[in-house]
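In what follows, chains carry the letters A, B, and so on, assigned in the order in which the sequence lines appear, proteins first and then strands, with residues in each chain numbered from 1. None of the values given here were measured: they were computed from a predicted structure.
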Amino acid sequence: MLDIKLIRERPDFVRERLAARGAGDEAHIDELLKLDEQRRKLLGEVEALKAQRKRVSKEIGALMGQKKIEEAEAKKKETGDLGDRITVLDKQAEEAEAARNQLMLRLPNLPHESVPVGKTAEDNPVVRVHGEKPAFDFKPKSHVELCESLRLVDFTRAVNLSGSGFVLYTHWGAKLERALIQFMLDLHTSEHGYTEVSPPFMVGPQCLEGVGQFPKFADQYYAVREGLDDSTLGKLYLIPTAETPVANIHRGELLKESELPIRYCAYTPCFRGEAGAAGVGTRGMIRVHQFDKVELVGIVKPEDGYAEHEKMVTYAERVLQMMGLHYRVVLLCTGDMGFAAAKTYDLEVWAPGQGSYLEVSSVSNCEDFQARRMNLRFKGGTGDNRFPHVLNGSGTALARLFVALVETYQQADGSLVVPKALQAYLKTERIQA
RNA sequence: GGAGAGAUGGCUGAGUGGCUUAAAGCACACGCCUGGAAAGCGUGAGUGGGCUUAAACCCCACCCUGGGUUCAAAUCCCAGUCUCUCCGCCA
């Protein structure tokens, strides 16, 4: 959520920043300001009436104490219809405030000034490249073919279980998935200073609202119903990312400055409806309804937000480096950024069998946008309450990383070489049929 | 699913209709004390909103949520949510 005071004081700046996203959100600012003005006007009127009521009530109390019943009764008449008028105005003020807040919840974050203005992914500058595309003296196969011949994934039976868009890892495939999760958690906790947490995989709607997934994108997530009781529908949702529960851990809290920075990492599965995208997807594991991910979340003082952001990107990169994969880092342009982000880097890993880069990590600084939504604050040195910056980054997503690994490490004989960093976890140097 | 207890500031916890402007303690900030610290003593300080160049002052709201009674509600009434304890079922 944006700061209403900023919108009031610098509406043109806010309009300009929203317009940079190219989604037309700046059009709502006029209406927002109107509702805000209305609310403040009504508030002024109703508060004056309440002050009057309060004053007279006190006088009545004093008179009653002195047994001056008649005078008290006269005062009661004086308050007369005050209560009714207050009720009416109160309701109007509440309505204006509710309408204003609804609009506020649907406005995306303002892009940071260092973010290039652009419309689509084509406008995202590449900020650095690591390694080179691996050379093959044979035609590299797709992960679909490799997974089937090595029995790493059973695509056919996965459909029997859950329909398209789900993966059944088998045999060495299941072990590889588990090894990757453990490798990443170990790396971030032992070398990058993160505290491991293992959150619920279902959360209430307030958590989705807190990170900006609700209310605007409510159609993209899985709502859960308990048994056959329809009244329970929507009380819980399957998490689309660990960011949803983990960033909300301290929702509503007033932290001490000394508690910051907070750095959490978590493994969770991620569930995404990808509404309207049915049938997309190449056969395989590039776009699925459920995938595993290790996520990094940071809660830091605002002045540390962007230094933390740069650091977090390098932590995600470290995973790919240790896997020996070729990747590039891109800076998302204004038009390609997510709703809550002020600045985002994506990590794209090379998949030789696809002949393309796959997005395996997205690292964002949401500044105080999410902290406002979840009312997460910390007490600063001078005793004032401030909103921290909240950051999240994949470190990294599986499924696509799995694809890149399988396609990168395939050998002419159809086997896979296991990258050094994973050998201790898998207890083998090679996977073969 | 059954029975009971509870929800008050950053935390603990008093408070049964108007001397509550929410006691007290802890934690916090500042001062005194000290070679320095701790302890002790003193002072300050809840949150959000409206006003304000800024600060102070002033005003309103807030004691789980939503209704209701009343001139007046943390306090009384109704409904709901959540938490805890015990029992049942369960991996």
Side-chain angles (χ1 to χ4, degrees), chain A residues 1-10 32-101 104-105 198 200-207 209-210 226-236 245 248-260 262 299 301 368 371-388:
Chain A
M1 198 149 59
L2 301 176
D3 182 359
I4 184 66
K5 283 184 184 150
L6 178 71
I7 302 177
R8 257 181 229 152
E9 286 161 19
R10 302 178 61 196
L32 183 61
L33 286 172
K34 205 179 103 192
L35 286 167
D36 183 53
E37 181 58 39
Q38 233 172 58
R39 168 182 168 272
R40 288 195 286 165
K41 183 165 167 283
L42 288 164
L43 227 46
E45 292 174 26
V46 77
E47 282 183 3
L49 291 178
K50 282 182 179 174
Q52 192 184 341
R53 177 175 70 179
K54 211 173 181 177
R55 211 165 45 236
V56 177
S57 272
K58 271 210 162 80
E59 290 167 12
I60 293 173
L63 291 171
M64 299 288 268
Q66 299 161 32
K67 304 283 181 212
K68 297 182 179 170
I69 308 298
E70 276 176 34
E71 283 181 54
E73 288 301 324
K75 289 277 187 189
K76 283 189 195 181
K77 273 183 193 153
E78 186 182 320
T79 61
D81 62 344
L82 266 184
D84 291 339
R85 285 162 64 199
I86 288 172
T87 305
V88 170
L89 285 173
D90 242 350
K91 190 154 173 273
Q92 287 176 5
E94 263 171 46
E95 282 166 1
E97 181 167 327
R100 183 194 75 168
N101 291 346
M104 294 279 286
L105 283 173
S198 181
F201 299 162
M202 295 193 282
V203 294
Q206 74 280 8
C207 292
E209 185 178 289
E226 186 180 338
L228 299 176
D229 182 357
D230 279 330
S231 73
T232 62
L233 183 65
K235 286 191 173 174
L236 290 172
N248 276 288
I249 286 175
H250 298 286
R251 78 176 353 262
E253 291 186 27
L254 180 56
L255 300 168
K256 290 178 192 150
E257 187 170 19
S258 60
E259 293 180 83
L260 302 180
I262 291 172
I299 302 172
K301 287 186 268 182
D368 60 12
R372 281 179 196 284
R373 287 178 162 244
M374 54 181 88
N375 194 26
L376 166 62
R377 297 164 302 167
F378 72 96
K379 195 167 273 297
T382 51
D384 53 333
N385 298 330
R386 306 167 65 199
F387 292 107

A.B. asks: With the criterion being N/O to N/O and under 3.5 Å, what pairs connect the protein with nucleotides 26-31 of chain B, and how long is each?
C.D. replies:
none

A.B. asks: Checking A:Arg10 now: which residues fulfil side-chain hydrogen bond (donor to acceptor under 3.5 Å, both in side chains) with it, not counting sequence neighbours?
C.D. replies: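 Here no residue qualifies.
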A.B. asks: Please determine, for B:rG44, whether a Watson-Crick or G-U wobble partner exists with both distances under 3.5 Å, and give it or none.
C.D. replies: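 Per the H-bond distance test, B:rC28.
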A.B. asks: Report the residues that fulfil side-chain hydrogen bond (donor to acceptor under 3.5 Å, both in side chains) with A:Asp36, sequence neighbours left out, ordered by chain and then residue number.
C.D. replies: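 Testing A:Asp36 for side-chain hydrogen bond (donor to acceptor under 3.5 Å, both in side chains), a comparison that skips the adjacent residues, returns A:Arg8, A:Arg100.
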A.B. asks: Which residue, A:Ser57 or A:Leu43, contacts RNA chain B at a nucleotide closer to its 5' end, judged by nearest heavy atom?
C.D. replies: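 So the residue in question is A:Ser57.
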A.B. asks: If I take atom CD in residue A:Glu253 and atom P in nucleotide B:rG9, what distance separates them, rounded to the nearest angstrom?
C.D. replies: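 Answer to the nearest Å: 14 Å.
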A.B. asks: To the nearest Å, how far apart are A:Lys41 NZ and B:rG49 P?
C.D. replies: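 Roughly 22 Å, once rounded to whole Å.
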A.B. asks: Return the nucleotide paired to B:rU70: Watson-Crick means purine N1 to pyrimidine N3 with N6-O4 or O6-N4, wobble means G-U with N1-O2 and O6-N3, both under 3.5 Å.
C.D. replies: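 Pairing partner, where one exists within any strand: none, as none qualifies.
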A.B. asks: In Watson-Crick or G-U wobble terms, both distances under 3.5 Å, what is the partner of B:rA91?
C.D. replies: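 Looking at the geometry, B:rA91 pairs with no nucleotide.
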A.B. asks: Any donor-acceptor pair under 3.5 Å linking the side chain of A:Asn248 with the backbone of A:Cys207?
C.D. replies: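 Yes; at least one donor-acceptor contact below 3.5 Å.
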A.B. asks: Report the residues that fulfil side chain to side chain contact (heavy atoms under 4.5 Å, CB included) with A:Glu45, sequence neighbours left out, ordered by chain and then residue number.
C.D. replies: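 A:Glu45: side chain to side chain contact (heavy atoms under 4.5 Å, CB included) contacts with A:Lys41, A:Leu89.
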A.B. asks: Rounded to whole Å, how long is the line connecting atom CG of A:Asn101 with atom P of B:rG48?
C.D. replies: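 Atom CG in A:Asn101 sits about 16 Å away from atom P in B:rG48.
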A.B. asks: Can a donor-acceptor pair be found, under 3.5 Å and without considering hydrogens, that links the side chain of A:Arg251 to the backbone of A:Gln206?
C.D. replies: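 Yes.
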A.B. asks: Nearest whole angstrom, please: distance from the P of B:rG48 to the CG of A:Asn375.
C.D. replies: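 It is 8 Å, rounded to the nearest whole Å.
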A.B. asks: Give A:Ile60 one of three labels, base, sugar-phosphate or nothing, depending on what nucleic acid heavy atoms sit under 4.0 Å from its own.
C.D. replies: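 Base contact.
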A.B. asks: Take the protein atom CZ of A:Arg377 and the nucleotide atom P of B:rG46, then report the distance between them rounded to whole Å.
C.D. replies: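 Distance check: A:Arg377 CZ to B:rG46 P gives 13 Å.
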A.B. asks: Who pairs with A:Glu37 by side chain to side chain contact (heavy atoms under 4.5 Å, CB included), at least two apart in sequence or on another chain?
C.D. replies: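 Side chain to side chain contact (heavy atoms under 4.5 Å, CB included) list for A:Glu37, sorted by chain: A:Arg40.
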A.B. asks: How long is the line joining CD of A:Glu259 and C1' of B:rC11, in whole Å?
C.D. replies: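 Interatomic distance, CD of A:Glu259 to C1' of B:rC11: 12 Å.
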A.B. asks: What is the distance, to the nearest angstrom, from the NZ atom on A:Lys58 to the C1' atom on B:rG17?
C.D. replies: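 Taking NZ of A:Lys58 and C1' of B:rG17, I get 14 Å after rounding.
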A.B. asks: In Watson-Crick or G-U wobble terms, both distances under 3.5 Å, what is the partner of B:rC84?
C.D. replies: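 B:rG4 - that is the nucleotide pairing with B:rC84, both distances being under 3.5 Å.
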A.B. asks: Under the side-chain hydrogen bond (donor to acceptor under 3.5 Å, both in side chains) rule, collect the residues that match up with A:Asn101, sequence neighbours excluded.
C.D. replies: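 In terms of side-chain hydrogen bond (donor to acceptor under 3.5 Å, both in side chains), with neighbours along the sequence ignored, A:Asn101 is linked to no residue.
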A.B. asks: Whole Å only: how far is the CG atom of A:Asn385 from the P atom of B:rC62?
C.D. replies: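 To the nearest whole Å, that distance equals 20 Å.
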A.B. asks: Cut-off 3.5 Å, no hydrogens considered: what does the side-chain donor-acceptor table look like for residues 46-62 of chain A, sequence neighbours left out?
C.D. replies:
from, atom 1, to, atom 2, distance (Å)
A:Lys50, NZ, A:Asp90, OD1, 3.4
A:Lys50, NZ, A:Asp90, OD2, 3.2
A:Ser57, OG, A:Arg53, O, 3.3
A:Glu59, OE1, A:Lys75, NZ, 2.8

A.B. asks: For A:Glu97, what residues pass the side-chain hydrogen bond (donor to acceptor under 3.5 Å, both in side chains) criterion, not counting sequence neighbours?
C.D. replies: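 Per chain and number, A:Glu97 pairs via side-chain hydrogen bond (donor to acceptor under 3.5 Å, both in side chains) with A:Arg39.
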A.B. asks: When you compare the protein's N or O atoms with those of nucleotides 51-61 of chain B, which come within less than 3.5 Å of each other, and at what distance?
C.D. replies:
from, atom 1, to, atom 2, distance (Å)
B:rC51, OP2, A:Arg40, NH1, 3.2
B:rA61, OP2, A:Lys54, NZ, 3.1

